[in-house]
Each structure stands twice: as structure tokens, then as C-alpha cells.
K.L.:
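Here it is: the structure, laid out below.
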Amino acid sequence: MKSFVVARDLLREAASRRWFLALGLGITLMLVVMGLSLRMDVVDGALAATRLFGKSMNTQIRAADVALRPAFVASSYLIFYGGLLFGVVACADFGPSLLAPGRIEHLLSLPVRRFELVVGTFLGVLALALLGALYGAGGLVLIFGVKTGVFSGRLIVSALLASVTFSAIYGAMLTVAIAARSAALSAASGGALVLLGIVAGERERIAEFFDSGISRTIFRGLTLFLPRVSSLARSAGEIAGSEPVDPAALTSMLLGLVVFGLAALSLGIHLFERKDF
Amino acid sequence: MRRVAWLVAFAALLGLSAFLMSRGDKPKKPERVLKAEFPRHPRDWEEERNRKRRTLPPAAPRPGEDEGIQRKRDPLLVALPVEKGKSSVVFEVAALKESPIGQIWLDCMLEEQAENKRRGRGRDDFKERFGIDLLQDVERIAMSSSKVAVLSVAQGAGRFDKSGWPKRTFGEKGAIWEDTEGRSVFATWGDELVLAGVDVKEIEAAIARLESKSPPQAPPIPDWSAYGDIYGVLSPEELADMLPEEQGEIAARIRAAIDRVDLHVDTSEDVAIVADVNGSNMDDVTDLAKSMGAALSLARAGAEDQGDDRLRELLDYATIKPRDGRFTVDVALPLEVLKQMGPCRKRDAAPSSSQ
């Protein structure tokens, strides 16, 4: 319960930061501009014409939900990778600021257990990621829905997938921040994890480029523990684009990602518990 | 112990996460990407092929036309009925036979052949009687809604002497065999064209067109439109008649606004169909394009509601592209869907019907 209080404090802190104000304003501005400049002519469910800033963009007539698929897929990838990169940079400072001299002593003097502080920070960032993704994706769904009558929740599901992926990566970032008390190192670890995760998502295909034997085994071993970022981004795109996904594989990967976040968090708590402030 | 507990949890959870994530690692079987090349203009090899097919000497020029611009003509296209309001479609049999869908359907047809042979209407029986192997000897088949078919065949393949039907000559190079009961007429023109129909007058008119020296009427399928594996022209009236009753409004607008519909089909991968719809009134044609787009969208929504995934998937790939007072209807038919249609449908349907 006390973790939620810590998470709420983190959200308050985020609200006062320029990064997040800029993100909120940026998303709002994009949605408003799209809402005002996009004109879609829909006849009985068929998208007959699209104009952006008065310029004709689409001359084909086809079912509106089919015509919107590429837009949803592009939005999904933008939300996924854009959200990951923004989150890695903007959230890197939360861990070190928690441990800042003066603040940590104050926090530890409160009736809050150490692991609750770490879990609260993690939950706060998770909530932040969810709010950002849902605001962006929900806004887009609303705009397209009002203009075409196609209200598809698939983009929101896809955005949720991006949030879960970021929160797992943030678990590792928080652990690095606890170990090194450095926002730069925390951001670097997040960035590295995203890049390695892109590789890990393609590990089966990349492994074929290694000679069978020790080098392939080492590659497989190293990538076995990494979150499959690119696989999840692809699945998010497929969900947004109404393409078929393998539900068993996606569920397994998603559970693995959540457990990876919890594992990173456990290591962070272990390090935090051992720290002497 | 409590301090070590988090470390143990870390190790255990990391192992569990690796296990769970690796279960989703199996490389996804790549989705077959739709490969449909929409035929929008003749390719170089088609133009070269068409040039070789123009073996009929030029007709006399129309009044005011310069004789120098007259060129040879494709006899198969010239033989087609020129009556207005009729549709004509040419099937490039050789290309269709080699196409992926052609191969699949051919397999099904050959399976059926044994059954047909027992009934005395198999391919071998047809060859025995009329001398034409429908799969080997025919290069092109042109069908007209005037109930005339024109076949471009291998030299000397059309021999109807064994049919037992009375033969008479017509024109310089024509020979006509008429069923004694008057139900069918076959004719040959030279050694490269076979004509078939039910009305002997239509067949005679076709031969007359081939041998006429007077200025010709424009053929239903112009030379420039002879591209794709199937091509032709659909009359607005017949197209409108094909629509179901509930699409009566669109049918009426097709009759009123459309002059002609040029059809081109490519079967080299998945089947891609392009229908160029032309009309004289730009506004009417644009309105019709929107109405047809809406009808396709509603049909797709209906298929989705009824759980008809096959129809929904087909309609997913249907688009309408309006431009300059005309519009194009593009439809892609995935091989996977077509496999269950055509001659293969009977084979696939057989087990379920027996159940």
C-alpha cells in the first residue's frame, strides 16, 4: 500500500518535470492538429477520400477499417519505439533522484520499508508509461473513430504492450541506478537493453549466421535472458493492423517480460537493502 | 537470510523469464505475402506477341483515313461479334495453364477426367471427335455473350470430319459443320481459327468479318487492350444484370453512367483483376465509384457479421481508384482462397456432402 503512495509521489514529481510536460503537450498538439487538419469522407463505411491540410492523401475507395490499417500499424510502431526511447531518457533520473543525498535519508526515516520505495518507484514509472501510451493511442483511436466511425481498440492493446515492455526495461534501469546512482548510466543501460532486445527478438534468425558450435551457443546463451523487444514491437504492429498473431507465443513472451521486470526489480531491491546511507 | 532471499528471487525469476520468453521464440512461419501484379498496361513481351498475332491484312481505310497508317489485324479479335451491348473476353489458355492457379485447377480437372470419360464427355472423347485437345492445341479462347466462341488453335488441329456432321464451305477459307439437330455449329477459318456457337448466322458473320475488305467496324477488344492472361470488355447492361436484386440502384446507375468496362486479369502469382470503368459524364462516374465503394464495404461488413471469412478476405483486397472521369476496380484473389474454388470446389465439397 505504501508503494502506491510512493508511486503517487513519483507521478506528482513527473508532472512538474519539463520532459513530461513537453510529452503531454506534444501528444496533445499532435492530436489537435490531426483532429483539425484531417478530413475523411466516409460513405456507408467506405473511406472515399482523405485530406490532410487540404491536400488529398488517398484516392482509393475501400472499407474504412481496412484503409486505416496502415495508419494503425505505423502509429503502433511510433508509440512502441518512440515511447521506449522517450521513456529511457526521461525516466532515467527517477532512480538517482530517489537516492539523492538528503532525500533518501528523509525517506528512510519514514515508516516505509526499503523494498516498498523501490517497488513504488517502479509502479510510478509503470503508471506513467501506461498513461502516456493510453493518452496517445486513445486520442488517435478517438480521432479516427469520430471521423470514420471505426472505433478499434487494437491500437490501445498495442500501446499497452509497449508500456509493459518499457516497464520491464525500466526495472533494469532502476537496478543500475541503485547500483551506480547515475542517471546517465541508467539511461545508457536502458538504451543498451532496447538495442540488445531488438537483436534478441530476432535471435533465432541471427543465430543461423553463426557457425554451429560454440559461437552460436554463446550467442543463444547471452540473448536467452534478454527481453524480445523487436518481437513484441512486431506483435504490437500486427495487433494494430488486424493481422493474425500467435496468442500462445505472445502470452508466453509477455509473461516472460513481466517476470524479467520483476527479476530486475528483485536484484534492485537486493542491492538497495544492502546499501548503507 | 532475508537479504539473500531477493537475490534468490532474482535468479529464479530471471531463469523463469528466460524460459517463458524462449517459448515465444519459435520463428513465426512467414505469412504468405499477397503477390498480385495488377495489369495496367501491356508489357514489352505482350506487345511483341500481339504484333506477331496480327496476321490478317489491313482492311480498307475508312473515308478520310490515310492508307499509310493501316496495319495488320489479329484475326481472333476481328472474328468477335461487334454488336453493341455484348461482352467479349479472351482467355490466354497457354499462359493460364502455366500459372499457379492454372496448375492447381488443372490437377483437379485431370482428377475429374476419369469420371467424365466414363460419361463419354471427357477431353479425350472431344479430341477423338473434333481433333482438338483442349489443353494442348488451344492457344486462346475468346468468348462473346453473343454465344460465339473463337479458338486460336495449333495449325491443323481443328478437324471436324469425324463428327459426322454435314460440311459446307463459306467464303474463301471458311468451312462450317452444323449439327443435324441444329443445336451446335462448328467452323474453321484457315488452319488457325475454330469458331463455335449455336447460331449459324453469327458464325457466318464472323467469317465474313475476317474476309471483308470493306472498312471494318471497331472490334469489341481493341489491339491496345490485349494484355493480361484474361482480358476483354464487359457491357454495362450485362454487368448490371449480374448484380443481385438488392443492388438494383447501383445496377441502374451502371446502365446510365457507364459506356464500357475493360477487364484485365493477371494470374502469374496470385490473381489480380483490374476493371477500368469508363463513362462520358465525370460526375456520374465519380458518384458511381463512391456507391460501389460503399457497396463493397457493406458487403465486407455483412460477410464479417455472417462469419464468412473467405468472402471478407477477398473483399479486403478490393479497392476502387477514381481518376479523371473514370475509375478502376482492383481485386486481388489470394491463391489460398482460389484453391478451394473452381474445379477444385467439387472435389473438396465431395467428402462433406457425403457426410
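As the structure is a prediction and not an experimental result, all values here were calculated from the model. Residue numbers begin at 1 in each chain, while the letters A, B, ... track the order of the sequences.
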K.L.:
Considering only heavy atoms from C-beta outward, does the side chain of A:I61 approach that of B:M292 to under 4.5 Å?
P.N.:
no

K.L.:
Which pair of heavy atoms, one from A:F225 and one from B:A18, lies closest together, and at what distance?
P.N.:
CD2-CB, 3.6 Å

K.L.:
Do any N or O atoms from the side chain of B:S297 and from the backbone of A:G45 form a donor-acceptor pair under 3.5 angstrom?
P.N.:
yes

K.L.:
Pick one of side chain, backbone, both or neither for A:R69, based on which atoms fall under 4.5 Å of a heavy atom in chain B.
P.N.:
side chain

K.L.:
Please classify the contact between B:R23 and chain A as side chain, backbone, both or neither, with a heavy-atom cut-off of under 4.5 Å.
P.N.:
both

K.L.:
Can the ring centres of A:F272 and B:W6 be said to be less than 6.0 Å apart?
P.N.:
no

K.L.:
In this structure, which one of A:L257, A:L255, A:V258 forms a side chain to side chain contact (heavy atoms under 4.5 Å, CB included) with B:L20?
P.N.:
A:L255

K.L.:
Tell me, side chain or backbone of B:A318 under 4.5 Å from chain A's heavy atoms, or both, or neither?
P.N.:
backbone

K.L.:
Within a 6.0 Å radius of atom CD on B:Q103, are there more than 12 heavy atoms belonging to other residues, nucleotides or ligands?
P.N.:
yes

K.L.:
Please determine whether the number of non-hydrogen atoms from other residues, nucleotides or ligands lying under 6.0 Å from atom CG of B:D305 exceeds 12.
P.N.:
yes

K.L.:
Looking at B:D316 and A:R62, does any basic side-chain N land under 4.0 Å from a carboxylate oxygen?
P.N.:
no

K.L.:
What is the distance from atom CG of B:L14 to atom CG of A:L262, rounded to the nearest 0.5 Å?
P.N.:
11.5 Å

K.L.:
Checking A:L226 against chain B: side chain, backbone, both or neither under 4.5 Å from a heavy atom?
P.N.:
backbone

K.L.:
List the atom of A:P227, the atom of B:M21, and the distance in Å for their closest heavy-atom pair.
P.N.:
CA-SD, 3.6 Å

K.L.:
Go through the atoms of B:A11 and report whether side chain, backbone, both or neither lie under 4.5 Å from a heavy atom of chain A.
P.N.:
neither

K.L.:
Please flag which part of B:L296 lies under 4.5 Å from any non-hydrogen atom of chain A: side chain, backbone, both or neither.
P.N.:
neither

K.L.:
Could you pull out the closest heavy-atom pair between A:F260 and B:S17, with the gap in Å?
P.N.:
N-CB, 3.5 Å

K.L.:
Of the backbone (N, CA, C, O) and the side chain (C-beta and beyond), which part of A:R228 lies under 4.5 Å from a heavy atom of chain B, both, or neither?
P.N.:
both

K.L.:
Is it true that a side-chain atom of A:R203 and a backbone atom of B:D25 form a donor plus acceptor pair closer than 3.5 Å?
P.N.:
no

K.L.:
Please test B:V4 against A:H270 for side-chain contact (heavy atoms from CB on, under 4.5 Å), starting from the C-alpha separation and ending with a verdict.
P.N.:
CA-CA 7 Å; B:V4 182; A:H270 170 74; 5.8 Å; no

